[in-house]
Peer 1: 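Take this structure, written in structure tokens, and hold onto it; I'll ask about it next.
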Amino acid sequence: MWQTLLDDLKDPSFTVIAIALDTPEAARPWIEAAKPRYPALIDREHHLAALYNFKNVPEAAWIDEQGRMVRPPETAGAYESFRFIDPATKAPAPEAAAKKESARKLYLEALADWVRNGAESRYAMAADTARSHVAKPTAAEASAHAHFRLGAHLLGLGRAAEAERHMAEASRLHPESWAIWRQAAPKNETGLAADESFWRRVAALGEKRYYPPPPMDGMT
Amino acid sequence: MTITILSDQGNVPVSAATADPGALWLTPADAERATGWTMKPEGLCRGAVCIPVPPADRDAFVREDAINIAGFWQHMDAPVVASDAGDVWAFGERADARAEALDSLEAPDFELPDAAGNLHRLSDYRGKKVLLATWASW
């Protein structure tokens with residue numbers, strides 16, 4: 001989706017930097033297939049989740065020419081239509097599918113508006129607004145990131161049992177992070193952490209959103 | 001023993017370190033390289049912040065040409081966690097320090113590899129608008 005956006009905008013003053021919160025082994029085939037012409041980086045230890053307080057994918061921050069965040073991390077054009085699968089068709093219910101398309105379209109339009117208009121864009125937040133939307137980490141979350149980083153590093157060294165302990169502790173300390181939980185969770189044959197435990201966690205959200213909508217006009 | 005320190009300075013190997021349970025003694029030079037914190041007469045410092053050595057308990061933090069960097073972290077109440085063998089240590093940042101940094105709205109700089117192993121820094125792209133976007137295979 002980002003390469004298409006870049007090709008459409010043709011604006012050399014704008015780039016996407018994609019961050020795979022993932023292992024190199026899992027991320028590399030996707031990057032090789034997508035052949036992005038923007039930097040596609042791999043963050044095995046979820047260093048950026050600790051730095052920016054990312055909790056899920058896709059999330060994004062908008063960073064201006066001076067390196068300032070004009071939109072802090074938030075859901076980037078996604079809607080949880082996977083929660084509304086029609087058992088008969090195995091496809092998302094039409095209303096959910098429409099919401100998913102609308103979330104994607106609105107987000108991309110907002111982004112294009114910012115690329116064209118910069119600080120004048122109504123989607124670029126003033127400093128006070130941006131600050132009020134920054135999610136601040138708690139002490140438990142900071143500790144979770146240290147455990148996760150150690151676990152991911154040990155996993156890279158092949159020390160899986162010890163790694164799993166630290167990742168489980170990370171998830172216990174930071175239960176709202178899907179990035180921590182899903183990275184460590186069992187994967188199905190297509191590489192998705194979508195077994196029963198995932199669906200139980202999603203069901204436990206109740207009215208809470210898997211992808212909290214970004215504060216943007218029209219996002220629901 | 002070679003010890004790997006995971007910190008905001010990257011993943012830094014240090015040698016000639018000794019790890020007692022709960023303690024990690026490094027030369028001040030290695031401690032600085034691995035964590036970005038410098039031993040000074042006024043304490044362990046980074047930028048304008050200095051953590052004084054607790055006078056009553058000096059031996060637990062400072063020896064001749066070695067400092068217990070894990071001890072300082074615990075004393076600061078910052079996250080620090082080690083592997084069972086004590087050969088890998090993750091030194092995290094205090095939540096309030098991270099919150100303050102985010103409050104500045106300055107996008108935190110970082111260095112990460114692409115699929116070919118080439119390193120990129122966010123600051124390499126200063127002067128452009130950047131969409132910093134996460135994704136994953138999972």
Side-chain angles (χ1 to χ4, degrees), chain A residues 2 13-22 26-28 30-32 39-43 45 47-48 50-54 57-65 67-69 76 111 115 127 130-131 134 136-139 141-143 145-147 149-150 153-154 162 182-183 187 191-193, chain B residues 4-11 73 77-85 87-138:
Chain A
W2 304 131
S13 74
F14 169 66
T15 188
V16 173
I17 299 178
I19 306 293
L21 297 178
D22 213 336
R28 208 172 280 128
W30 290 85
I31 296 172
E32 282 164 5
L41 313 183
I42 301 174
D43 186 5
E45 295 172 7
H47 182 47
L48 262 59
L51 269 184
Y52 282 81
N53 215 358
F54 287 122
V57 302
E59 289 180 343
W62 295 9
I63 300 167
D64 73 9
E65 293 87 337
R68 290 176 70 81
M69 292 188 284
L111 190 53
V115 170
R131 218 167 267 129
V134 169
K136 309 277 173 60
T138 65
E141 289 166 7
S143 182
H145 288 302
H147 276 283
R149 187 162 180 196
L150 178 62
H153 188 83
L154 292 173
E162 197 183 351
R182 296 194 79 188
Q183 180 77 81
K187 312 291 189 295
L192 281 176
Chain B
T4 304
I5 310 264
L6 317 177
S7 77
D8 62 6
Q9 302 298 295
N11 297 352
W73 240 253
D77 206 16
V80 53
V81 51
S83 65
D84 293 346
D87 62 332
V88 186
W89 290 69
F91 284 80
E93 193 178 5
R94 276 179 61 111
D96 54 1
R98 182 86 319 259
E100 194 180 320
L102 286 170
D103 229 19
S104 77
L105 297 180
E106 195 179 312
D109 200 12
F110 57 83
E111 184 177 69
L112 285 173
D114 60 26
N118 302 312
L119 293 171
H120 299 247
R121 297 188 70 92
L122 174 66
S123 47
D124 297 341
Y125 299 90
R126 189 62 54 86
K128 283 180 190 273
K129 297 188 188 82
V130 174
L131 177 77
L132 184 69
T134 64
W135 70 279
S137 67
W138 38 256

Peer 1: Suppose the criterion is salt bridge (charged side-chain N to carboxylate O under 4.0 Å, His left out): which pairs have a residue in residues 122-135 of chain B, not counting sequence neighbours?
Peer 2: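 Checked against salt bridge (charged side-chain N to carboxylate O under 4.0 Å, His left out) - neighbours excluded - the pairs reaching residues 122-135 of chain B are A:E65-B:K129.
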Peer 1: Could you check whether atom CD of B:E106 has more than 12 heavy atoms from other residues, nucleotides or ligands sitting under 6.0 Å from it?
Peer 2: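 Atom CD in B:E106 is not packed in, count stays at 12 or less.
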Peer 1: Can a donor-acceptor pair be found, under 3.5 Å and without considering hydrogens, that links the side chain of B:W135 to the backbone of A:D22?
Peer 2: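 No, because the side chain of B:W135 does not come within donor-acceptor range (under 3.5 Å) of the backbone of A:D22.
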Peer 1: How far does CG of A:L41 sit from CD of B:E111, to the nearest 0.5 angstrom?
Peer 2: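 Separation between the atoms: 10.5 Å.
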Peer 1: From B:D114 CG over to A:I42 CD1, what is the distance, rounded to the nearest 0.5 angstrom?
Peer 2: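 It is 7.5 Å, given to the nearest 0.5 Å.
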Peer 1: Give me the atom names and distance for the closest heavy-atom approach of B:R98 to A:L51.
Peer 2: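 Of all heavy-atom pairs spanning B:R98 and A:L51, the closest is NH1-O, 2.9 Å.
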Peer 1: Just do the side chain to side chain contact (heavy atoms under 4.5 Å, CB included) check on B:T134 and A:L48 with the steps written out, would you?
Peer 2: CA-CA 9 Å; B:T134 64; A:L48 262 59; over 6 Å; no
Peer 1: Is a side-chain donor or acceptor of A:R182 paired with a backbone partner of B:W138 at a separation under 3.5 angstrom?
Peer 2: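 Yes, A:R182 side chain to B:W138 backbone: donor-acceptor pair under 3.5 Å.
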Peer 1: For A:R149 and B:F91, indicate whether the former's side chain and the latter's backbone hold a donor-acceptor pair under 3.5 Å.
Peer 2: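 No: the side chain of A:R149 does not pair with the backbone of B:F91.
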Peer 1: Look at the side chain of A:R28 and the backbone N and O of B:A115, then say whether any donor-acceptor pair between them is shorter than 3.5 Å.
Peer 2: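 A pair under 3.5 Å: yes.
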Peer 1: To check you understand the geometry: which heavy-atom pair defines the closest contact between B:D8 and A:H47, and what is its length?
Peer 2: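 Smallest heavy-atom distance, with atoms named: CA-CE1, 4.3 Å.
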Peer 1: Should we say atom CD of A:E32 is surrounded by more than 12 heavy atoms from elsewhere, each under 6.0 Å from it?
Peer 2: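 Yes, because the 6.0 Å sphere around CD of A:E32 holds more than 12 heavy atoms from other groups.
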Peer 1: How far apart are the closest heavy atoms of B:A90 and A:L150, and which atoms are they?
Peer 2: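 Result for this residue pair: CB-CB, 4.1 Å.
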Peer 1: Find out whether B:L132 and A:M69 are in side-chain contact, i.e. whether some heavy atom of one side chain is under 4.5 Å from a heavy atom of the other.
Peer 2: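 In short, these two side chains do not touch, never coming nearer than 4.5 Å.
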Peer 1: Is any side-chain heavy atom of B:L112 closer than 4.5 Å to one of A:P39?
Peer 2: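 In short, these two side chains do not touch, never coming nearer than 4.5 Å.
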Peer 1: Against chain B, label A:A20 side chain, backbone, both or neither, depending on which of its atoms sit under 4.5 Å from a heavy atom there.
Peer 2: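 When you check distances to chain B, atoms from both the backbone and side chain of A:A20 fall under 4.5 Å.
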Peer 1: When you compare the side chain of B:S83 with that of A:E162, does any pair of heavy atoms fall below 4.5 Å?
Peer 2: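 A side-chain contact under 4.5 Å exists here.
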Peer 1: Specify the closest pair of heavy atoms between B:A95 and A:A139, including all atoms of both residues, with the distance to one decimal.
Peer 2: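 Closest approach of B:A95 to A:A139, heavy atoms only: CB-N, 3.6 Å.
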